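In each ligand, atom 1 is the first atom listed, and ligand 1 is the first ligand listed. All heavy atoms count here, side chains included; hydrogens, waters and symmetry mates do not. The model shown is predicted, which means the values in this text are computed figures rather than measured ones.
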Amino acid sequence: MIKYFSISIIALAIISIVGCNNNTKIKPSEDHYFSINPAYEDTIDNLIASMDLETKVGFLHGTGKFVSGGNKELAIPEFWYADGPNGVREELERDTWKTLNLTSDSVTFFPTGTALAATWNIDMAFKYGKAIGKESRARGKDMLLGPAVNIIRTPVCGRTFEYFTEDPFLNSRIAVGYVKGLQSMDVAACVKHFAANNQETERGRVSVTMSERALREIYLPVYKATVAEADALGMMGAYNKFRGDYLCQNDYLNNQILKDEFGFKGIVVSDWGATHNTVTAALGGLDVEMGSREDYYDSCYFGTPLVEAVKNGKVPESIVDDKVRRILRVSYNLNMMDKSKQKKGELTTPAIKKDVYTIASESVVLLKNDNKLLPINTDAIKNLAIIGAIAKQPQSFGGHTAGVKAKWEVSPFEGLSNNLKGKVVISYSEGYNFEYDGNYPINKPDNKLIAKAVKEAENADFAIVFVGNTRNIETEGVDRKDIMLPFGQDELIAAVTQANPNTIVVVVAGSACDLNVAKKQAPAILYSWFNGSEAGNALADILVGKVNPSGKMPFTLPVQLEDIAAHSFGAKAYPGEDLVVNYTEGILVGYRWFDTKNIEPLFPFGYGLSYTKFEYMTASTDKNNYTKNETIHLQIQVKNVGNITGKEIVQCYMQATNSKVKRAQKELKGFAKVAINAGATQNIEIPIKASDFAYYNESESNWEIEPGNYKLLVGSSSRNIYKEVNITIIE
Ligand code: BGC
């Protein structure tokens, strides 16, 4: 199936196009794409046949905090893991969580998950995976514990910043790119956290229940895609339970779906300390137990108790063989047996620096730009007030296991100072204090700091107010209590925008924040994420117009938290009652909920402006009627009617107009990120498989493509639809 479309250039030359549908393959280039090589299977079987039970079990559990297996006599190297997902974690003592305090393990801090997803660019995802793969290789890691792909069901989930999006289609495209890039460097991905792990509150104890349809349509597609399209070598079982059973010993999800149905050939690794039983886990699809205490490596669930369980007939030895086969398959396919064949790694090189800069600069989302306040005309201004302590706050470390010991990190303040040196005088004031109650920010304005900031703003031609979260607030292990901007930042925005009409609000966060005040008061707003080592440089280039913003929101920004589906059904839907969380909203997650229920978002899914303007001229398909196996070739003409080059993310949503079942009002089925020169019109083709219109029929336990009428809705966000094309699916 085509993924790189034919492009006809009507006016000027076009730079790049990165559209995709469900069968997208990464652009052919000099890169070697990883795929599992069946030629190793006989060798592996012979090797297993030569092992006694104890030797085999020796491969199935941690022998350190981030290492498992290995066998000197058989010349099989130990298997080394590292967190993930947005930078290779620092070296810890083998048996403890204590840092080794090395000077040689600093790495690149990659933009976190939502930033990558905001690029809507699978080439960026591949670049990201490959670059982090180079650093993992250089650090001697065999498996990187990423990408983290859980659906963003609620913005308060503490790990939202690690994840990508609320939409299963965008999720799959970004994850596939990441895994392909990573594994092209002979480093295994560990796609996490499988599955239905969408909150941190009581994550070790809650049981998630949801309809089979929601599971299939919303939560599982990303795992299926990374297996089918990228040969993902690892999956991490999540901490929580699903329908009453722990995920690391969940026969239904691990065996029946992941391994049997999706054909997963790699290893299911437990989350650290997420194994609860020997026999149930062994039979429930777990392959490697990680995270046991240092004095329990041999006696953990998958240590001597597993040997015993096989000996007394509770676990067939063939099950152990299958687990060993999987880990050896991963090891052979990573060329671990002959390291001279492995790709060479590199750490914090200029090439990687360029990659993270490029990704960061494609991720920033322009949410508002009244009277073309941005970009800042630096020739016309003399002084700039930078306000808000987040402008100087490092964001690499923190967030728990996703914390990165960054070799360098350019803050927004630094980026702007370097960029404007000698041209514009910069003043800085904090605007607020970072005050916490545990992980929760204290949301109290500091009137003295606000008064100082107002003064600075009054004396400046331009003010930029930096607001958002720190990595204390958005972190593993804790959900946020709400989505309010912390530390009295709303009061700061209100005061500064009053003092200076040329005020830009920059949001630094990994998840949704309440931007009501900012939207009402500020003429310009940018979402700048936790954007990696080059965050400040990328942002500065966007602010001064060296780079035209091209990111779009990978999740909905709500008017209020209560508008989010998971927060619309009381405690039973979030955070759960009696340790059960019922996903009552079913398939209506993210914009599917807002659109179906007619709830106005503050900024919709897929939204983002540019310094130029695009007009959607035409949209058409090659035919009107398609059979279920056919591909719809959607042709769209987009014109850049402004006077600078820009990139647009053209989105196509499907609407089932006469379905016999309830469908979401619209579902994303394709997108293309295209660069279009000023004045140019471009033809874009987005191929969409008719089979992607299927819904999951619970009574038949199967996907069903209903014949009937559908609309293809084409636009620049889920709520900015400019063209509609009617098509019919026929029997
Ligand atoms: C996290 C995982 C992480 C693991 C190892 C767990 O707490 O949930 O995402 O990879 O720790 O650090």
Side-chain angles (χ1 to χ4, degrees), residues 61-68 79-100 105 107 110 112-113 132 136 139 141-152 157-164 175 178-179 182 187-206 208 222-223 226 232-242 246-248 266-276 286-294 297 300 397-405 439 471 474-479 510:
H61 57 82
T63 53
K65 282 283 176 253
F66 284 91
V67 56
S68 65
F79 197 87
W80 283 90
Y81 310 76
D83 279 308
N86 32 252
V88 188
R89 191 172 178 181
E90 69 180 319
E91 295 300 331
L92 306 175
E93 285 181 0
R94 184 176 171 117
D95 293 331
T96 77
W97 293 98
K98 270 199 218 129
T99 170
L100 279 173
D105 61 350
V107 292
F110 287 73
T112 67
I132 207 167
S136 307
R139 288 269 308 277
K141 307 302 175 191
D142 304 306
M143 177 173 272
L144 184 85
L145 304 174
V149 301
N150 298 84
I151 283 284
I152 300 175
C157 171
R159 299 185 85 166
T160 300
F161 74 94
E162 290 184 61
Y163 303 152
F164 295 138
Y178 184 127
V179 172
L182 176 62
V187 176
C190 189
V191 183
K192 67 189 190 183
H193 309 82
F194 187 71
N197 168 206
N198 308 90
Q199 67 185 55
E200 292 301 284
T201 304
E202 291 287 7
R203 69 172 179 180
R205 303 201 301 160
V206 287
V208 166
V222 67
Y223 302 100
T226 52
L233 288 170
M235 292 280 160
M236 184 187 289
Y239 279 120
N240 55 295
K241 296 177 187 170
F242 180 74
Y246 280 112
L247 281 157
C248 288
I267 48 174
V268 175
V269 180
S270 76
D271 202 337
W272 268 230
T275 311
H276 295 271
L286 183 71
D287 297 311
V288 180
E289 176 187 358
M290 291 303 291
S292 56
R293 264 177 42 193
E294 51 277 21
Y297 295 144
C300 67
F397 216 71
H400 204 28
T401 64
V404 176
K405 183 168 146 192
N439 279 97
R471 297 285 295 275
E474 291 194 43
T475 179
E476 181 179 339
V478 192
D479 287 343

- request: Could you tell me which atoms of ligand 1, counted from 1 in the order shown, lie closer than 4.0 angstrom to a heavy atom of Phe66?
  value: 5 (C), 12 (O)
- prompt: Is Lys241 salt-bridged to Glu202, cutoff N-O under 4.0 Å?
  reply: no
statement: Of all heavy-atom pairs linking Leu92 and Leu100, the shortest is O-CD1, 3.5 Å
query: Taking both backbone and side-chain atoms of Trp272, is any N or O found less than 3.5 Å from an N or O belonging to ligand 1?
result: no
task: Hey, could you give me the CH2/NZ distance between Trp97 and Lys65, rounded to the nearest 0.5 Å?
output: 6.0 Å
task: Give the residue and atom name of whichever protein heavy atom lies nearest to atom 2 (C) of ligand 1, and the separation in Å to one decimal.
output: Asp271 OD1, 3.3 Å
- prompt: What part of His400, side chain, backbone, both or neither, has a heavy atom within less than 4.0 angstrom of ligand 1?
  reply: neither
Ligand 1 contacted by Arg89 (non-hydrogen, < 4.0 Å): yes
query: With a 4.0 Å cut-off on heavy atoms, is Met290 touching ligand 1?
result: no
query: Minimum heavy-atom separation for Met290 to Ser68, with atom names?
result: SD-CB, 3.9 Å
Part of Arg159 with heavy atoms under 4.0 Å of ligand 1, whether side chain, backbone, both or neither: side chain
- prompt: For ligand 1, is there an atom lying under 4.0 Å from some heavy atom of Met236?
  reply: yes
- request: Return a yes/no value for Glu476: is any of its N or O atoms, backbone included, closer than 3.5 angstrom to an N or O of ligand 1?
  value: yes
query: Does at least one non-hydrogen atom of Arg203 fall below 4.0 angstrom from an atom of ligand 1?
result: yes
task: Side-chain contact test, heavy atoms from C-beta onward, threshold under 4.5 Å: evaluate it for Asp271 versus Lys192 and give yes or no.
output: no
- prompt: Is any side-chain heavy atom of Cys190 closer than 4.5 Å to a side-chain heavy atom of Leu145?
  reply: yes
- prompt: So which of Val269, Asp83, Leu145 gets nearest to atom 3 (C) of ligand 1, if we judge by its closest heavy atom?
  reply: Asp83
- prompt: Can you check whether Arg471 reaches Phe161 side chain to side chain, under 4.5 Å on heavy atoms?
  reply: yes
- prompt: Does Tyr81 have a non-hydrogen atom less than 4.0 Å from ligand 1?
  reply: no
message: Under a 4.0 angstrom heavy-atom cut-off, which atoms of ligand 1 come close to Lys192?
response: 2 (C), 3 (C), 9 (O), 10 (O)
task: Write down the atom of His276, the atom of Ala274, and the distance for their closest heavy-atom approach.
output: CD2-O, 3.1 Å
message: Which heavy atom of His193 sits nearest to which heavy atom of Ala238, and what is that distance?
response: CB-CB, 3.7 Å
- prompt: Which atoms of ligand 1 are found less than 4.0 Å from any heavy atom of His193?
  reply: 2 (C), 8 (O), 9 (O)
Numbered atoms and elements of ligand 1 in range of Thr401, under 4.0 angstrom, heavy atoms: 1 (C), 3 (C), 7 (O), 11 (O), 12 (O)
CZ-OG1 distance between Arg159 and Thr112, expressed to the nearest 0.5 angstrom: 12.0 Å
